[in-house]
Amino acid sequence: MDKYQVARMLDEIARYIQLGETNPFKSRAFERAARRIETLERDITELVSSGELYSISGIGKGIGPVVTEIVTTGGASYLEELREQYPPGIFDLLRVPNLGLKKIGVLYEKLGVTSIDELEKAAKDNLVADLPGFGKKTQQKILDGIGFARKRESQFLLPRGLEVGELIREQLATIDEVEDAEVAGSVRRRLEIIRNVNVVVSTRAPERVIEQLPKFVADLEAVGETTVKGIARGEMPVLFHFTFPEDFGLALLRATGSEEFVTAFETKAGRKLKARNEEQLFEKAAIPFVEPERRENADDLKRKKRPSLVHPSDLRGTFHVHTTHSDGRNSVADMLAAARDRGFDYCGITDHSVAAYYAGGLSTERVKIQQAEIAREAKNVAPMRVFKGTEADILPDGTMDYGEDLDMFDFVVASIHSRFQMTEEEMTERILRALDDPHVTILGHLSGRRLLTRDGYRVDYDRIFDKAAARNVLIEINGNPQRLDVDWRWLRNAADRGVMFTINPDAHSIREMSHVISGTWVARKAGLTAKEIFNTKPVEEVEEWLEKKRLSR
DNA sequence: GCCGTTTTCGGCCCGACTGTTTTCAGTCG
């Protein structure tokens, strides 16, 4: 039982409490305790056995025994009681936008609503509008929200597809008749949102393979002469495309898509080509290889030679990393070690600025404490260079949080975290003003989008790119798979205007340092090469560039 | 539920927005 498992159970308790409890501070106490436990440096089991648990601020006579029970028995009777009190899947209702735990609690108490289907029926029967705190507009909003949630049900973030694809490949490898299997489709093209996973299976005996598929996927059905469809993990459609080994190249190309690309390729190639792999296929067709990420359209088929897209191994450092000083889950030491273990020559630490209260934004006093710790920890990861930065809020009027105090930092990521519903004109002006602040080094997650959750705010991209190029401000490619922001469809346009990019993880934990990889997907889809990405530069050049930027303040 | 040179009750991290209210609660970031 590690501290994260304890924290997860406390979080679950907190969610249940919100369903039925009017006092919002009780659930918040559990949440706060979860955060405290998550960020403990010491072993939780030790703290429990020594009784030191109660010296942790936020753990008293109510939560203390719960934590003790979890650590010693692996479960909590309080949580079991709560689970029995509510139907399983009640939290699924959270997928409806603008529906929170309070309202879900009321819907369950008064109407017995336990699922999205039941909620839809209740709203259509006009029962929701009469509930206390609800009304006609809320009822309609709920119905709209259900439509939104349903639409999203058939869409997945790319990492889910990669995960399922890898799992299926491993499972196929256990079947003797399978000679080879590759993930294709939108997952291979690294599209940010996918609907299914395509796998090309090379075999001489497709029937024998199909016989064994029910071990791995449910609801198997044929959807064409050479394709079988199933559902993995209860939700993800998987399409198995069968081919003989000598045709694997063409089968992989076709299953990878896009349709536009495949059609154009086959037209250009002129005839059906036999090839055991894709490289061979392109060679036979006398067409320079096109990376899967670049196959959304047929543009790259016109190229004379294969472009050298930026690769994760080109990255020598990164710049957007949170720690426990604000809303990160791991300490400065842990995050720096994670960067070093990734082979980085430099890493920029950025916690939130004071205006981001909800994310634990740092006052200038707390910045000093954070920076002292960074200075201490930097010695342990030398020769990796550590930069002291901040992710500072762009305030509604376009001025920067911290103001002149931004001088404290080696670099500044400027981001928007509030007032999303400004008009396009207002939002654009807000960002342009921030770009004029000489402290600003990087513009963070430009659109603010959360994939499958909310659209980004509307801005005039061209004006922002022009200003960023003129002011020598880097544009962040935020690699968080929920963001992947700026959208790759805009990047070429920005690059052509002379904008320089930095691929950042926006990491809130050690695990999320891997978001630099997802960031490179975005850059590759846009056709960017290493020389357009700032954090492929050697540390000396980066230091020099940042120093020059500092002197121009 | 937790905490206190505000010691046993009354506050708890802030602000915008929306809709349901007639002064505020829920949701979201």
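Heavy atoms only: backbone and side chains are in, while hydrogens, waters and symmetry mates are out. These numbers were taken from a predicted model, which means no experiment stands behind them.
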N/O donor to acceptor pairs below 3.5 angstrom from side-chain atoms of residues 369-376 of chain A, sequence neighbours left out:
{"from": "A/Gln370", "atom 1": "NE2", "to": "A/Asp351", "atom 2": "OD2", "distance (Å)": "2.9"}
{"from": "A/Gln371", "atom 1": "NE2", "to": "A/Met408", "atom 2": "O", "distance (Å)": "3.2"}
{"from": "A/Glu373", "atom 1": "OE1", "to": "A/His325", "atom 2": "NE2", "distance (Å)": "2.9"}

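- The separation between A/Leu93 atom CG and B/dG26 atom C1' is 16 Å, rounded to whole Å.
- Using a 4.0 Å heavy-atom cutoff across all strands shown, A/Leu395 reaches no nucleic acid atom at all.
- Taking 4.5 Å as the limit, some side-chain heavy atom of A/Trp488 sits within range of a side-chain heavy atom of A/Glu296.
- Nucleotides B/dC12 and B/dT20 have their C1' atoms positioned 26 Å apart, rounded to a whole Å.
- A/Arg35 and A/Asp11 are joined by a salt bridge, as a carboxylate oxygen and a charged side-chain nitrogen come within less than 4.0 angstrom of each other.
- A/Arg36 places its CZ atom 12 Å from the C1' atom of B/dC3, with the value rounded to the nearest Å.
- Regarding A/Glu21, its CD atom lies at a distance of 16 Å from the C1' atom of B/dG26, rounded to whole Å.
- In this model, the phosphate group of B/dG29 is not approached by any side-chain N or O of A/Arg450 to a distance below 4.0 Å at OP1 or OP2.
- Following rounding to the nearest Å, A/Lys103 (NZ) and B/dA25 (C1') show an atom-to-atom distance of 7 Å.
- Because its NZ or CZ atom is not both nearer than 6.0 Å to the ring centre of A/Phe156 and within 45° of the ring axis, A/Arg195 does not count as a cation-pi partner of that residue.
- Note on A/Ile17: nothing from the nucleic acid sits closer than 4.0 angstrom, heavy atoms only.
- When each of A/Arg190, A/Arg189, A/Arg524 is paired with A/Glu293, the salt bridge (charged side-chain N to carboxylate O under 4.0 Å, His left out) condition holds for A/Arg524 and for no other.
- Rounded to the nearest Å, the gap between the C1' atom of B/dT22 and that of B/dT8 is 36 Å.
- Across all strands shown, B/dG11 forms a Watson-Crick or G-U wobble pair, both distances under 3.5 Å, with B/dC2.
- Atom CG of A/Leu10 and atom C1' of B/dC2 are 14 Å apart (whole Å).
- Ring geometry for A/Phe319 against A/Phe411 counts as perpendicular: the plane angle is over 60°, on a 0 to 90° scale with 30° as the lower cut.
- Judged as a side chain to side chain donor-acceptor pair (under 3.5 Å), the pairs with a partner in residues 64-76 of chain A (not counting sequence neighbours) are, in order, A/Glu69-A/Ser77.
- Taking atom CG of residue A/Asp327 and atom P of nucleotide B/dC13, one finds them 16 Å apart after rounding to whole Å.
- B/dC28 atom P lies 8 Å from atom CG of A/Leu99, rounded to whole Å.
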Name the pairs: protein N/O against N/O of nucleotides 18-23 of chain B, kept only if under 3.5 Å.
{"from": "B/dT18", "atom 1": "O3'", "to": "A/Lys141", "atom 2": "NZ", "distance (Å)": "3.4"}
{"from": "B/dG19", "atom 1": "O3'", "to": "A/Thr138", "atom 2": "OG1", "distance (Å)": "3.2"}
{"from": "B/dT20", "atom 1": "OP1", "to": "A/Gly135", "atom 2": "N", "distance (Å)": "3.1"}
{"from": "B/dT20", "atom 1": "OP1", "to": "A/Gly135", "atom 2": "O", "distance (Å)": "3.3"}
{"from": "B/dT20", "atom 1": "OP1", "to": "A/Lys136", "atom 2": "N", "distance (Å)": "3.4"}
{"from": "B/dT20", "atom 1": "OP1", "to": "A/Lys137", "atom 2": "N", "distance (Å)": "3.3"}
{"from": "B/dT20", "atom 1": "OP1", "to": "A/Thr138", "atom 2": "N", "distance (Å)": "3.1"}
{"from": "B/dT20", "atom 1": "OP1", "to": "A/Thr138", "atom 2": "OG1", "distance (Å)": "3.0"}

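- Separating the P atom of B/dG15 from that of B/dC2 is a span of 27 Å, rounded to the nearest Å.
- In the set B/dC17, B/dT27, B/dC12, the nucleotide with an atom closest to the side chain of A/Lys102 is B/dT27.
- Here A/Ser57 lies in heavy-atom contact (under 4.0 Å) with sugar-phosphate atoms only.
- No hydrogens or angles were tested; on distance alone, a donor-acceptor pair under 3.5 Å links the side chain of A/Asn23 to the base of B/dG1.
- With rounding to the nearest 0.5 angstrom, the OH atom of A/Tyr402 is 7.5 Å from the OG1 atom of A/Thr364.
- B/dT7 and B/dG11 have their C1' atoms separated by 14 Å, given to the nearest Å.
- Nucleotides B/dC3 and B/dC13 have their P atoms positioned 12 Å apart, rounded to a whole Å.
- When the P atom is used for both B/dT23 and B/dC28, the distance is 26 Å, rounded to whole Å.
- The CD1 atom of A/Ile63 sits 12 Å away from the C1' atom of B/dC3 (whole-angstrom rounding).
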